[in-house]
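Here's the structure, in structure tokens; my notes come after.
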Amino acid sequence: QKEVEQDPGPLSVPEGAIVSLNCTYSNSAFQYFMWYRQYSRKGPELLMYTYSSGNKEDGRFTAQVDKSSKYISLFIRDSQPSDSATYLCAMSPTGNQFYFGTGTSLTVIP
Amino acid sequence: GAVVSQHPSWVICKSGTSVKIECRSLDFQATTMFWYRQFPKQSLMLMATSNEGSKATYEQGVEKDKFLINHASLTLSTLTVTSAHPEDSSFYICSAPGGAAQETQYFGPGTRLLVL
């Protein structure tokens with residue numbers, strides 16, 4: 001079983017839709033949870049970072065962590081064509097050791 | 001936020017030559033840096049962990065003699081692909097831990113290598 005599971009998609013939504021991206025994990029020691037956005041042929045860009053359980057909101061983006069279910073989500077409201085990218089979840093137990101999902105490819109259609 | 005740069009951004013070389021890729025942390029120090037490889041439409045694959053002042057730690061299946069890593073200072077790590085072959089063509093990305101507890105990673109923009 002992989003440490004982190006993420007549906008690769010692809011996911012295609014119309015502009016303005018709410019997007020839900022998810023990852024599950026098996027290691028209960030994970031405490032730090034991150035979402036990265038990667039445009040084609042570019043390095044990943046840190047979008048959201050959450051410590052332990054709870055929600056965090058930043059503009060149109062909301063990250064949720066449910067440690068009891070070992071499940072994390074990223075919601076994108078009012079999705080834009082510029083949101084089209086691959087979204088990677090990442091987790092770490094203590095830092096210096098990171099586990100990535102395979103990435104979900106998202107396309108927002110104008 | 002923390003900035004990590006990579007140089008060159010892309011490189012084309014002949015088979016059999018060696019290529020050096022630099023990874024720099026521009027506004028913070030990094031005792032550890034990570035090197036990843038990414039094939040088209042696939043996720044990141046960790047190759048090795050670069051440690052300042054000591055030997056790198058390689059992931060299983062990664063050839064140490066082929067992918068030489070040097071972390072000579074707190075802001076610079078280099079990856080040298082020795083005797084490159086077409087199958088080494090890939091997107092190479094470095095990252096460095098950041099944050100108060102080194103709990104997240106900041107990625108460089110990546111280096112695209114094409115070996116002819």
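Computed from a prediction, not measured in an experiment: that's the story for all the values here. Just so it is clear: chains get the letters A, B, ... in the order the sequence lines come, proteins before strands, and each one is counted from 1.
The shortest heavy-atom contact between A/Trp35 and A/Cys23 is CH2-SG, 3.8 Å. Residues B/Val115 and B/Ser15 share a closest heavy-atom pair of CG1-CA, 3.7 Å. For A/Pro110 against A/Pro81, the heavy-atom pair with the smallest separation is CG-CG, 4.0 Å. Closest approach of B/Glu59 to B/Leu46, counting heavy atoms only: CG-O, 3.2 Å. The two residues A/Ala90 and A/Tyr36 come nearest to each other via the heavy atoms CB-CE1, 3.9 Å. Here the shortest heavy-atom pairing between A/Ser20 and A/Asn22 reads OG-OD1, 3.4 Å.
With a threshold of 4.5 angstrom between heavy atoms, A/Gln38 approaches chain B through side-chain atoms but not through N, CA, C or O. Using a 4.5 Å cut-off between heavy atoms, B/Gln6 makes no contact with chain A at all. Neither the backbone nor the side chain of A/Phe33 comes within contact range of chain B; no heavy atoms are under 4.5 Å apart.
Using a 4.5 Å cut-off between non-hydrogen atoms, the part of residues 63-96 of chain B that approaches chain A consists of B/Phe91, B/Ile93. The contact list for residues 55-77 of chain A toward chain B, using heavy atoms and a distance under 4.5 Å, is empty. Listed in order of number, the residues of residues 39-53 of chain A that approach chain B to under 4.5 Å between heavy atoms are A/Arg41, A/Lys42, A/Gly43, A/Pro44, A/Leu46, A/Tyr49.
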Hey, mind stepping through A/Gln80 and A/Glu15 against side-chain contact (heavy atoms from CB on, under 4.5 Å) and telling me if it holds? CA-CA 5 Å; A/Gln80 303 294 309; A/Glu15 183 175 354; 3.4 Å; yes

A/Tyr87 and A/Val19: CA distance, side-chain angles, deciding distance, side-chain contact (heavy atoms from CB on, under 4.5 Å) verdict: CA-CA 11 Å; A/Tyr87 290 80; A/Val19 177; over 6 Å; no

In a table with atom names and distances, give each donor-acceptor pair under 3.5 Å that connects a side chain of residues 98-109 of chain A to protein atoms at least two apart or in another chain.
residue, atom, partner, partner atom, Å
A/Tyr99, OH, A/Gln97, NE2, 3.0
A/Thr102, OG1, A/Gln6, O, 3.1
A/Thr104, OG1, A/Gln6, NE2, 3.2
A/Thr104, OG1, A/Asp7, O, 2.4

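In this structure, B/Lys14 and B/Leu116 have side chains that are not in contact, with every pair of non-hydrogen atoms separated by 4.5 Å or more. Annotation: side chain of A/Leu11 is in contact with side chain of A/Leu21 (closest heavy-atom distance under 4.5 Å). Inter-residue side-chain proximity for A/Ser92 and A/Met34 is flagged as met; some heavy-atom pair is nearer than 4.5 Å. A heavy-atom distance below 4.5 Å is not found between the side chains of B/Tyr106 and B/Ser25.
Distance check: B/Gln38 CD to B/Ser43 OG gives 6.5 Å after rounding to the nearest 0.5 Å.
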